[in-house]
Amino acid sequence: DDAEGVRRWAIDQIADEVLRSGLERIHHAAASEKSKRDFRQLVMGPLNRLSDVLRFPMTRYVVGAGPRLDLAGIMDRAEIVLLDASPGTQVGESASKTFVGLFIRAVYSAMRQRRDPDLLTLFSIDEAAPVIQGQADVEALAARARKYGICLAFGLQYLQQCTPAQYAALKNCCNTRIAFRTVDHK
């Protein structure tokens, strides 16, 4: 039911074709009693999945659903953000991977908004392989970070833990590599 006409108003305001189409689909599903079940599936399923992710305060900061974490300002003030992305008893591997993906996306967006890219900022993820696998923004971040004053440090056991695209990006974009206790695998 859209008695107040809010959905119709929102549909008329949205310029993005994909977003408008999705909202129209939800609007039509809610229009009749027969399609109420479709409406619940369209809205409640994703809402439940979002609730699982957004129950963690730091995730809400990153995606803007809570008090805003001003990463560009943090970078410009040379402040420190520590990120423990390792799965544990409260956060599983899937949630950790999702959060790191959102965080990398937020850093990537924020670095382009910096007022002072000459002030270097370190972005570090230790034991990064499990949480960065499949994160397409890692390649984009590696390729552009230096231009925005971002120093990247990814702690990996070995480079082949990354996807081939990430491996290529880290190999080609990172000028300094540090290796501790190497083992000959022959």
Side-chain angles (χ1 to χ4, degrees), residues 15-16 18-19 46 49-183:
D16 184 283
V18 173
L19 294 176
R49 287 189 290 281
L50 278 172
S51 295
D52 286 346
V53 172
L54 294 176
R55 72 175 186 237
F56 303 106
M58 186 52 85
T59 306
R60 291 194 301 270
Y61 293 143
V62 171
V63 298
R68 189 167 174 267
L69 183 62
D70 180 16
L71 286 172
I74 288 169
M75 291 177 202
D76 283 336
R77 292 186 302 274
E79 294 176 348
I80 297 171
V81 175
L82 300 175
L83 174 62
D84 180 3
S86 60
T89 56
Q90 294 184 339
V91 179
E93 190 168 325
S94 177
S96 180
K97 193 172 187 174
T98 300
F99 175 74
V100 170
L102 291 169
F103 191 78
I104 288 171
R105 169 47 70 187
V107 168
Y108 181 68
S109 295
M111 73 182 189
R112 294 178 293 173
Q113 300 168 9
R114 293 187 71 184
R115 290 183 302 275
D116 188 3
D118 293 330
L119 183 62
L120 297 180
T121 301
L122 174 65
F123 177 62
S124 174
I125 301 177
D126 191 22
E127 298 295 339
V131 292
I132 66 169
Q133 285 179 344
Q135 303 286 356
D137 289 330
V138 170
E139 295 100 68
L141 185 63
R144 294 174 183 87
R146 193 173 338 140
K147 173 177 160 183
Y148 295 101
I150 306 293
C151 302
L152 296 175
F154 290 105
L156 304 165
Q157 298 298 322
Y158 51 95
L159 283 173
Q160 286 75 12
Q161 287 179 304
C162 299
T163 65
Q166 290 172 340
Y167 174 83
L170 294 176
K171 184 177 166 207
N172 295 323
C173 297
C174 298
N175 291 334
T176 305
R177 292 173 199 90
I178 301 172
F180 299 104
R181 203 189 107 208
T182 60
V183 177

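All values below come from the heavy atoms of this structure, side chains included, with hydrogens, waters and symmetry mates left out. Index from 1, following the sequence.
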| task | Return the set of residues passing side-chain contact (heavy atoms from CB on, under 4.5 Å) with Ala165 (not counting sequence neighbours), or none when no residue passes. | result |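 Residues passing side-chain contact (heavy atoms from CB on, under 4.5 Å) with Ala165: Glu139, Thr163.
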Pairwise distance [atom1]([X]) to [atom2]([Y]) - rounded to 0.5 angstrom:
X      : Y      : atom1 : atom2 : value
Asp70  : Glu79  : CG    : CD    : 9.0 Å
Met111 : Gln113 : CE    : CD    : 11.0 Å
Met75  : Asp116 : CE    : CG    : 12.5 Å

| request: Keeping the roles fixed (side chain from Arg114, backbone from Tyr148), state whether a donor-acceptor pair exists under 3.5 Å. | output: yes
| Donor-acceptor under 3.5 Å (Arg146 side chain, Cys173 main chain) |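 The answer is yes, because a donor-acceptor pair under 3.5 Å joins these two groups.
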| field | Shortest non-hydrogen contact from Asp76 toward Leu119 | value | O-CD2, 3.0 Å
| task | Give the C-alpha distance, both sets of side-chain angles, the deciding distance and a yes or no for side chain to side chain contact (heavy atoms under 4.5 Å, CB included) between Leu152 and Ile150. | result | CA-CA 6 Å; Leu152 296 175; Ile150 306 293; 3.9 Å; yes
